[in-house]
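Everything below concerns the one structure shown next.
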Amino acid sequence: MLDPKQIRNNPDAVKKGLKSRKADATLVDRFLQVDEEWRKLLSEIEEMKAKRNAVSDQIGQMKAKKEDATAVIAEMKTLSSRIKELDEEQKKIEDRLNDIAYEMPNLPHHCVPEGSDARDNIEVRVWGEKKKLDFKARPHDEIGKQLGILNFEQAAKISGARFVVYRGVGAALERALISFFLDVHIKENGYTEVFAPVLVNKQAMIGTGQLPKFEEDMFKCRDDEFYLIPTAEVSVTNLHRESVFNSEQLPVKYCCYSPCFRREAGSYGKDTKGIIRQHQFNKVELVKFTDPASSYDELESLTRNAESVLQKLGLPYRVVQLCSGDLGFASAKTYDLEVWFPSENQYREISSCSNFESFQARRAAIRFKVGSKGKPEPVHTLNGSGVAVGRCFAAILENYQQQDGSVIIPEVLRPYLGGIDRIKP
RNA sequence: GGAGGAGUACCCAAGUGGUCGAAGGGGACGGUUUGCUAAACCGUUAGCUCGGGGCAACCCGGGGCGAGAGUUCGAAUCUCUCCUCCUCCGCCA
């Protein structure tokens, strides 16, 4: 959520920001109109309530002195019922105002390049050499099936399309990646590990920005008000909903493994083969709560932290900065990490690192203050995948495939797999 | 799933319809005393949020006693729903 004061005082700047990310800039005028209506009515109601408070007090005193208060009470009856009517109207206007405010995406940071879609993203840096294979690179799903470590038929039987069963060394490799990522972030990068519920309530989803706008992307429980998280960002960011940090505590850094659940509505034709786009996948997420003054430095280090696991695995990747048109709803600035997929001859997203500035913090009321007398203000929240486990699994199969159909296991993972160095057919 | 009990400020806790603008205590902070510490004594401790006015440091008002609705001229107090915690029974990893 944007700062209402910013919308009131600087509507043109807000419109400009919305337009640059291809969002509906008329939201601003609609907001201002309803906001005006809301504040006008609020003043009216508050005045009436002030009167009610004063007269109620007076009635109390009259009763104490055993005076007759019937006339005043009768008068107050009218006032009170009028207040009640206006309160209801106020509530309706407020709901409309919130609807508009919740629909408004974050504004891009000034350093974000203008652009309309992924083609306008900017390559920031490239790491590692694209593997040169002296045979035709095979796609990861084929390799996985042949090695007997991925099974799509069984997954379809028990769940449906866009699910996968890992088997044997495959299951162990998935688990090894999770442990490896967590170990790096905990021991080397200074994050605190958490493990949190994946079933969350509506407030949490609103807090990080998934709701109300992206309801159709979520899996929702039918009989209970629970949603399955699309990312651990939701659970972890909301750990501190409606609370206030001391400035000395910041930055607070968490890493969290969780399964993630996405309906993938609207991507029916895309990535139907393999494990790139699943309804359920594993991810280790990094989340930071920071002082606004340092949040952009923290975004750089968060991105480097995510990169570090790819470097250790020896997977070639590049970092791109998303252009305004490709930014996620809540983000002010995003770097995507894209890992090399030989069979497709292209880089593919494996991590997305964003600074949300105060957008989520305002929705979720996550604040900090300096000392004991400071006025609480919203923190900045950041997060990034550190990294997506399934996609990393696929990248390993593709980048470490051998002509004989086996796959070399990157050295850093071997201790997690009982020392084996290769998956053989 | 069933039966009870509880939720008041940083913590404990009083308050069953009207000066509650919430008693009292603890802790914390400030002061007096002191060579220093402790004790004692005095004082402060409702934060927060929303609106309005100066548009700065302030002033005025609304809200706020777990959350939300309701009853009432008026609710911490009465009614309903929900949440969390505790005790017991049942079931379960």
Side-chain angles (χ1 to χ4, degrees), chain A residues 1-11 13 31-102 195-207 211-212 221 223-227 235 238-249 259 358 360-379:
Chain A
M1 189 156 61
L2 301 177
D3 184 353
K5 290 197 181 78
Q6 189 191 8
I7 306 174
R8 283 174 205 148
N9 300 336
N10 237 328
F31 178 89
L32 289 174
Q33 193 192 327
V34 180
D35 182 57
E36 181 67 32
E37 205 181 326
W38 176 77
R39 283 188 293 165
K40 205 175 152 203
L41 185 58
L42 185 64
S43 296
E44 205 179 314
I45 292 174
E46 285 183 353
E47 210 173 299
M48 290 169 87
K49 286 186 176 171
K51 181 168 187 201
R52 181 180 66 184
N53 287 346
V55 178
S56 289
D57 216 43
Q58 196 191 327
I59 293 172
Q61 289 176 42
M62 289 172 83
K63 290 244 177 180
K65 291 184 213 152
K66 308 264 188 243
E67 291 171 22
D68 178 28
T70 12
V72 197
I73 289 176
E75 189 193 322
M76 287 302 289
K77 214 165 184 161
T78 329
L79 181 67
S80 272
S81 62
R82 182 71 186 137
I83 289 175
K84 201 173 165 184
E85 283 169 28
L86 292 179
D87 264 342
E88 276 165 30
E89 201 183 324
Q90 171 79 355
K91 186 83 173 61
K92 279 184 202 151
I93 296 173
E94 200 170 291
D95 286 346
R96 272 201 286 146
L97 190 62
N98 283 333
D99 285 347
I100 297 168
Y102 282 142
F195 184 71
V198 299
L199 231 38
V200 302
N201 60 33
K202 195 170 187 170
Q203 250 340 96
M205 285 294 201
I206 290 172
L211 291 181
C221 297
D223 295 330
D224 302 279
E225 266 294 294
F226 286 130
Y227 295 83
S235 308
N238 281 285
L239 292 178
H240 293 286
R241 183 151 53 87
E242 284 157 44
S243 57
V244 182
F245 290 105
N246 284 319
S247 54
E248 313 90 73
Q249 293 175 269
S358 55
Q360 295 180 326
R362 197 168 284 113
R363 287 178 164 236
I366 306 166
R367 297 172 298 165
F368 79 104
K369 62 179 177 182
V370 180
S372 57
K373 292 209 76 179
K375 191 179 156 58
E377 56 172 305
V379 297

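The chains referred to below are lettered A, B, ... by the order of the sequence lines, with proteins before strands, and numbering in each begins at 1. What you see is a predicted model; the values in this text were computed from it and never measured.
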Interatomic distance where [atom1] belongs to [X] and [atom2] belongs to [N] [whole Å]:
X      : N     : atom1 : atom2 : result
A:K40  : B:G51 : NZ    : C1'   : 15 Å
A:E242 : B:G64 : CD    : P     : 17 Å
A:D87  : B:A69 : CG    : C1'   : 13 Å
A:L41  : B:G51 : CG    : P     : 14 Å
A:L79  : B:G62 : CG    : P     : 13 Å
A:D57  : B:U19 : CG    : C1'   : 6 Å

Non-hydrogen side-chain atoms of [X] and [Y] separated by less than 4.5 Å:
X      : Y      : value
A:M76  : A:Q58  : no
A:Q360 : A:I366 : no
A:L2   : A:F31  : no
A:I93  : A:L41  : yes

Does [X] put a side-chain nitrogen or oxygen below 4.0 Å from OP1 or OP2 of [N]?
X      : N     : result
A:K49  : B:G62 : no
A:N53  : B:G63 : yes
A:K375 : B:U49 : yes

*Look through every strand shown and name the nucleotide pairing with B:U37 as Watson-Crick or G-U wobble, where both distances are under 3.5 Å.*
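None - no nucleotide pairs with B:U37, as no candidate has both distances under 3.5 Å.
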Please determine, for the side chain of [X], which listed nucleotide ([options]) has the closest atom?
X      : options             : result
A:E46  : B:G62, B:G47, B:G18 : B:G62
A:W38  : B:C73, B:G47, B:G51 : B:G51
A:R52  : B:G74, B:G61, B:U49 : B:G74
A:K84  : B:G61, B:U71, B:G18 : B:U71
A:P376 : B:C48, B:G61, B:C73 : B:C48

Taking the [atom1] atom in each of [N] and [M], what is the distance between them to the nearest angstrom?
N     : M     : atom1 : result
B:U45 : B:A9  : C1'   : 10 Å
B:U79 : B:C20 : C1'   : 22 Å
B:G4  : B:G17 : C1'   : 28 Å

*Whichever of A:V55 and A:S80 has its nearest RNA chain B nucleotide further upstream toward 5'*: A:V55
*More 5' along RNA chain B: A:K51 or A:K91, using each one's nearest nucleotide?*
A:K51
What contact category does [X] fall into here, base, sugar-phosphate, or nothing, at under 4.0 angstrom with non-hydrogen atoms?
X      : result
A:I59  : base
A:R362 : nothing
A:K77  : sugar-phosphate

*Can you tell me if NZ on A:K369 sees more than 12 non-hydrogen neighbours from other groups inside 6.0 Å?*
yes
